[in-house]
Amino acid sequence: MDDLRDRVPQGRVASAVGDCVVYGDGSGGPRRLDLTDAAAVARGGEGFVWIGLQQATAAQITEVAALFHLPALAVEDAVQAHQRPKLEAYDDVAFVVLKPVRYVDRIEVVDVGEIAVFVGERFVITVRHGSTDVLGRVRRELDGGLAEEVAAFGPTAVLYRAADLIVDGYERVIHRIDLDVDDIEARVFGPGEDDHAERIYNLKREVAEFRRALVPLLRPLELLAGGGVAHVAAGAGSWFRDVHDHALRAADRVEGIDRLLSDVLQANVARVTVVQSGIALRQNEDTRKISAWAAIALVPTAIAGLYGMNFDNIPELHWKYGYFAVLTVIAGACTVLHRLFKRNGWL
């Protein structure tokens, strides 16, 4: 025990440890431990140890990993985050990456977190990146007395409940996205001439982010449902199978939402094109009308301009009825042009 205490600088790691608890050790309930005692308890005695790390640095995760001899490659993935959901089995642990998701409805953004789970024979270590209450809810369930048939899975119970809550969260997010898609659809096919392409594209991008969290999880859940994964309780297969079924249903709904958004985006583009074509047509009509009236107005302007020049020898300049003749010519020319433009559809 002394050499373990010497190897782990407890003060540096403590800030990242959300909780360090032993469950099912016969003490009548969960019992909190010092981190330096956790490895020894996990190697002997009863129950299992759960160490939860929150927003831990690389050094802090590495120090905890040294206590439990965690695989270097898995530790590297837990440190770096931004991993795809996956399941990897090593000699001493099973390593699982889960992606909890929440939907910020106010700004229509899918917020994706990440949880790395190391499952050993007598311990489970979780590393949380991002904002999610999944592990806190699992912790409260364990503290409150999880269902006996689930608690019997030991460390696997933490993995199962975390995966179950995350997939349940997917269904809630899908429901809220559905509401926004319905709103967009109503606006696109409703009255008004607004262009909703930017909102549709942004939501489609968030749905794609959601898919990257959900779809890769299907294979790990399938493996867990089939049993035979090292360090994962074989009896939990039927429970993981239920989670896998829910995840498949969620994946189908996400695919449907993505296709619907694509269709709505195309409909919006077609609608905007029709609106813009109508505007262009009206502008062409207005241009023709303006041109026709300008042509009509040019006749009296041209004649008045000619007779406004200071020359003596202008036809009918000194004729008694010259003024009335010019007005008649102007009126006749304007009438002819008006009828011509009217017949051609310019007026």
Side-chain angles (χ1 to χ4, degrees), residues 81-86 97-115 129-134 137 162-222 241-287:
H82 304 296
Q83 303 294 317
R84 288 166 56 90
K86 61 182 177 179
V97 175
L98 304 171
K99 292 275 194 176
V101 168
R102 67 186 184 96
Y103 188 58
V104 185
D105 194 35
R106 179 176 55 85
I107 54 178
E108 296 182 352
V109 168
V110 174
D111 181 33
V112 181
E114 185 169 321
I115 298 174
H129 298 278
S131 176
T132 176
D133 65 343
V134 168
R137 292 168 63 188
D164 191 29
L165 291 174
I166 287 172
V167 172
D168 287 346
Y170 290 164
E171 294 181 336
R172 289 192 297 273
V173 169
I174 290 171
H175 173 69
R176 296 175 68 180
I177 292 177
D178 266 336
L179 295 178
D180 284 334
V181 172
D182 289 344
D183 178 64
I184 291 174
E185 194 174 12
R187 291 177 184 272
V188 168
F189 294 102
E193 300 180 352
D194 294 337
D195 184 4
H196 304 283
E198 182 177 0
R199 184 185 178 194
I200 297 170
Y201 176 78
N202 288 338
L203 189 55
K204 189 173 174 63
R205 182 181 58 193
E206 296 303 317
V207 169
E209 186 74 16
F210 187 9
R211 288 178 60 197
R212 285 193 288 270
L214 169 57
V215 174
L217 181 61
L218 297 178
R219 180 56 180 166
L221 289 176
E222 183 180 2
R241 191 154 46 248
D242 180 66
V243 179
H244 181 243
D245 289 342
H246 289 182
L248 284 173
R249 183 172 60 191
D252 289 341
R253 291 180 63 189
V254 169
E255 292 290 342
I257 289 173
D258 186 60
R259 289 194 297 270
L260 179 58
L261 283 172
S262 296
D263 293 341
V264 172
L265 182 59
Q266 291 179 357
N268 180 78
V269 171
R271 179 172 175 271
V272 170
T273 300
V274 170
V275 171
Q276 291 176 342
S277 297
I279 293 174
L281 181 60
R282 289 195 297 271
Q283 288 176 341
N284 289 337
E285 292 175 352
D286 292 341
T287 300

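Every heavy atom of this structure was used, including side-chain atoms; hydrogens, water molecules and symmetry mates were not. The model shown is predicted, which means the values in this text are computed figures rather than measured ones.
Rounded to the nearest 0.5 angstrom, R249 CZ and I174 CD1 are separated by 9.0 Å. Rounding to the nearest 0.5 angstrom, the gap separating the NE2 atom in H244 from the CG atom in L217 is 8.5 Å. To the nearest 0.5 Å, atom CZ of residue R172 and atom CZ of residue R176 are 9.5 Å apart. Within the model, atoms CG of L261 and CD1 of I184 stand 6.0 Å from one another, a figure rounded to the nearest 0.5 Å. Once rounded to the nearest 0.5 Å, the distance linking CD1 of I166 with CG of L98 reads 4.5 Å. Taken to the nearest 0.5 Å, the CD1 atom of I200 stands 4.5 Å off from the CG atom of N268.
In terms of modelled atom types and a separation under 3.5 Å, the side chain of K99 and the main chain of Q83 share a donor-acceptor contact. E114 places a side-chain N or O within donor-acceptor distance of the main-chain N or O of H82, the cut-off being under 3.5 Å.
A salt bridge links R199 to D183: at least one charged side-chain nitrogen sits closer than 4.0 Å to a carboxylate oxygen. The pair D258-R211 counts as a salt bridge, with a side-chain nitrogen and a carboxylate oxygen less than 4.0 angstrom apart.
With a 4.5 Å cut-off on side-chain heavy atoms, K86 and P216 do not count as touching. Inter-residue side-chain proximity for D180 and Y103 is flagged as met; some heavy-atom pair is nearer than 4.5 Å. Side-chain contact check for V207 versus I177: some heavy-atom pair is nearer than 4.5 Å. Between H246 and E171 the shortest side-chain heavy-atom distance falls below 4.5 Å. With contacts defined as side-chain heavy-atom distances shorter than 4.5 Å, the pair D194/R187 does not qualify. Proximity of D195 to V269: side-chain heavy atoms (C-beta onward) are nowhere separated by under 4.5 Å.
Applying the side-chain hydrogen bond (donor to acceptor under 3.5 Å, both in side chains) rule to E206 yields no partners; only residues at least two apart in sequence or on another chain are considered. The side-chain hydrogen bond (donor to acceptor under 3.5 Å, both in side chains) search around D111 returns R102, not counting sequence neighbours. Every side-chain hydrogen bond (donor to acceptor under 3.5 Å, both in side chains) that D178 has, sequence neighbours left out, goes to R253. The side chain to side chain contact (heavy atoms under 4.5 Å, CB included) check on L260 picks up V181, E185, V264, with sequence neighbours excluded. Taking the salt bridge (charged side-chain N to carboxylate O under 4.0 Å, His left out) definition, one finds that R205 meets it with nothing, sequence neighbours left out. Judged as a side-chain hydrogen bond (donor to acceptor under 3.5 Å, both in side chains), and not counting sequence neighbours, R241 has no contacts.
The shortest non-hydrogen separation linking P100 to V134 is CB-CG2, 4.3 Å. Counting all heavy atoms, side chain and backbone alike, A213 lies closest to P85 at O-CG, 3.2 Å. A251 and L218 get closest at one heavy-atom pair: CB-CD1, 4.1 Å. Heavy atoms only, all atoms of each residue included: A163 and L221 are closest at CB-CD2, 4.3 Å.
Ring pair Y170/F210: centre-to-centre distance below 6.0 Å.
Surrounding CZ of F189 are more than 12 heavy atoms belonging to other residues, nucleotides or ligands, all under 6.0 Å away.
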>> For R84 and V97: C-alpha separation, side-chain torsions, deciding distance, then whether side chain to side chain contact (heavy atoms under 4.5 Å, CB included) applies.
In response: CA-CA 7 Å; R84 288 166 56 90; V97 175; over 6 Å; no

